[in-house]
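Presented below is the structure to which this report refers.
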Amino acid sequence: MEWIAEQVMNLLDMINGSVLGALGCNMNTFTRYFPAAETMHGIFVGLKLTFRTILFMGLVFFSQDIVNHRRDAL
């Protein structure tokens with residue numbers, strides 16, 4: 001079973017290597033073959049910024065409780 005799993009992983013690695021090798025690091029080539037990648041990149045960046053903003057606002061909102069909790073623990 002371990003040998004089969006290793007062969008499957010080798011096959012997946014070979015497929016990934018050949019696909020990435022064919023596309024290269026040129027973003028123009030990548031977006032030509034996968035036009036949704038540019039849109040998805042914008043969505044992921046937007047979600048990441050939204051998550052960071054919510055996290056930051058939560059830390060600001062609860063900052064006094066966080067500091068007081070630490071002070072009480074000492």
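Both backbone and side-chain heavy atoms feed into the values below; hydrogens, waters and symmetry mates do not.
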- Among Asp13, Ile15, Val8, whose side chain to side chain contact (heavy atoms under 4.5 Å, CB included) with Leu11 holds?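 The residue from Asp13, Ile15, Val8 that satisfies side chain to side chain contact (heavy atoms under 4.5 Å, CB included) with Leu11 turns out to be Ile15.
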
- Residues forming a side chain to side chain contact (heavy atoms under 4.5 Å, CB included) with Asn10, sequence neighbours excluded: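 Counting only residues at least two positions away or on another chain, Asn10 forms a side chain to side chain contact (heavy atoms under 4.5 Å, CB included) with Glu6, Gln7.
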
Atom pairs and distances, side-chain donor-acceptor, residues 40-60, under 3.5 Å, sequence neighbours left out:
| residue | atom | partner | partner atom | Å |
| --- | --- | --- | --- | --- |
| Thr50 | OG1 | Gly46 | O | 2.8 |
| Thr53 | OG1 | Leu49 | O | 2.8 |

